[in-house]
Engineer: 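Okay, handing you the structure first.
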Amino acid sequence: MDLKRVVITGGPSTGKTSVIENLEQLGFPCVHELIRSMTSLEKNEDNAGDFLVNPIVSVKDPKKFNQSLLNGRIKQYEDSKETAGEVVFFDRGIPDVHAYMNCFGQTYTKEFEKPCYTYRYHQILLMPPWKEIHVVDNERFESFEEAERVYEHLKSTYEQVGYPITIIPKGSIEERTDFILKLLNLD
């Protein structure tokens with residue numbers, strides 16, 4: 001049986017990381033988001049500048065940062081081949097890089113897009129913006145309005161590269177986890 005790679009994505013403060021952590025506690029293999037650790041590293045560099053908005057536009061060299069992020073997501077995908085079991089959950093996927101770049105008006109070549117078509121996921125689960133749980137912290141800079149824009153760009157980017165999307169309804173961590181497990185016949 002082929003390993004099912006399932007992306008859980010959404011704008012900032014949608015609850016996706018909490019759901020990923022819950023799935024992991026239930027014993028499902030999960031691949032964690034890279035950007036938080038990358039943002040922390042960039043912020044600690046002497047010449048990183050002020051981070052007042054999303055890291056992809058705040059770092060000294062956004063193109064290099066995005067290429068590193070894309071390479072990291074490709075490595076996560078490749079490394080997932082060693083996962084035991086029938087499913088692995090990803091906290092964001094390769095097309096997220098492009099969605100954020102689109103959202104913040106950054107340009108890239110078709111060659112940069114190619115991994116979206118080379119490395120394919122089984123299912124894309126998208127979490128909608130949720131004002132009541134939206135927060136800003138040391139690695140998350142987007143306002144709620146920006147989070148809504150990110151959501152729209154995630155949705156359109158995944159659709160443009162050929163994925164059907166399932167929207168995860170708002171609810172408790174357990175309700176959302178149950179929805180995912182039922183959807184994937186893992187309950």
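Excluded from the calculations below are hydrogen atoms, water molecules and symmetry mates; all remaining heavy atoms, backbone and side chain alike, are included.
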Engineer: Can you check whether V97's main-chain N or O pairs, donor with acceptor, with R92's side chain at less than 3.5 Å?
Structural biologist: no
Engineer: Decide, yes or no, whether a salt bridge links E159 with K155 under the criterion of side-chain N to carboxylate O below 4.0 Å.
Structural biologist: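 Counted as a salt bridge, because a side-chain N and a carboxylate O are separated by less than 4.0 Å.
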Engineer: When rounded to the nearest 0.5 angstrom, what is the spacing between CG in L34 and CG in D91?
Structural biologist: 9.5 Å
Engineer: Among T157, T14, D96, which residue meets the side chain to side chain donor-acceptor pair (under 3.5 Å) test with T9?
Structural biologist: D96
Engineer: Of the non-hydrogen atoms in G11 and V150, which two are nearest, and what is the gap between them?
Structural biologist: CA-CG1, 3.7 Å
Engineer: Looking at Y77, is R120 sitting on its ring face, NZ or CZ under 6.0 Å from the six-membered ring centre and within 45 degrees of the normal?
Structural biologist: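 Here R120 fails the 6.0 Å and 45° test against Y77.
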Engineer: Would a distance-only check, ignoring hydrogens and angles, find a side-chain to backbone donor-acceptor pair under 3.5 Å from N22 to S18?
Structural biologist: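 The answer is no, because no donor-acceptor pair under 3.5 Å joins these two groups.
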Engineer: Which heavy atom of Y121 sits nearest to which heavy atom of G93, and what is that distance?
Structural biologist: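 Nearest heavy atoms, Y121 then G93: OH-CA, 3.4 Å.
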Engineer: Going by salt bridge (charged side-chain N to carboxylate O under 4.0 Å, His left out), name the pairs with one or both residues in residues 164-187, residues two or more places apart or in two chains.
Structural biologist: none
Engineer: Looking at SG of C30 and CD of Q25, how far apart are the two atoms once the value is rounded to the nearest 0.5 Å?
Structural biologist: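 It comes to 10.0 Å.
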Engineer: Which pair of heavy atoms, one from P62 and one from Q106, lies closest together, and at what distance?
Structural biologist: CB-NE2, 3.3 Å
Engineer: Is there a continuous path of hydrophobic side-chain contacts, each under 4.5 Å between heavy atoms, that joins Y100 to V7?
Structural biologist: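 Same cluster: Y100 reaches V7 through Ile, Leu, Val, Met, Phe, Trp or Tyr contacts under 4.5 Å.
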Engineer: Indicate, with yes or no, if the rings of H98 and F112 have centres closer together than 6.0 Å.
Structural biologist: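 Close enough - the centres of the two rings lie under 6.0 Å apart.
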Engineer: If you count heavy atoms of other groups shown closer than 6.0 angstrom to CD of E111, is the number above 12?
Structural biologist: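 Open: at most 12 neighbouring heavy atoms sit under 6.0 Å from CD of E111.
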Engineer: Check whether Y119 reaches the backbone of K75 with its side chain - one donor and one acceptor, N or O, closer than 3.5 Å.
Structural biologist: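 Checked: no pair found.
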Engineer: When you group the ILVMFWY residues by side-chain heavy-atom contacts below 4.5 Å and let the links chain together, are I8 and I124 in the same group?
Structural biologist: no
Engineer: Thinking salt bridges, do E33 and R73 make one under a 4.0 Å N-O criterion?
Structural biologist: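 Counted as a salt bridge, because a side-chain N and a carboxylate O are separated by less than 4.0 Å.
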Engineer: Shared ILVMFWY cluster between I20 and L184, side chains joined below 4.5 angstrom?
Structural biologist: yes
Engineer: Could you report the tightest heavy-atom contact between P129 and A147, atom names first, then the distance?
Structural biologist: CG-O, 4.3 Å
Engineer: If the condition is ring-ring contact (aromatic ring centres under 6.0 Å, His included), which residues does Y158 pass it with, not counting sequence neighbours?
Structural biologist: Y163
Engineer: Determine the minimum heavy-atom distance between V161 and C116, stating which atoms define it.
Structural biologist: CG1-CB, 3.8 Å
Engineer: Taking Q76 for its side chain and H32 for its backbone only, find out whether a donor-acceptor pair lies under 3.5 Å.
Structural biologist: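 Pair found, side chain donor or acceptor close to backbone of H32.
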Engineer: What is the minimum heavy-atom distance between W130 and G171, and which atoms define it?
Structural biologist: CH2-O, 3.3 Å
Engineer: Taking E152 first and then R149, would you say they form a salt bridge - that is, a charged N and a carboxylate O separated by under 4.0 Å?
Structural biologist: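 Judged by the 4.0 Å cut-off on N to carboxylate O distance, E152 and R149 do not form a salt bridge.
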Engineer: What is the distance from atom CG of L181 to atom CG of L23, rounded to the nearest 0.5 Å?
Structural biologist: 6.0 Å
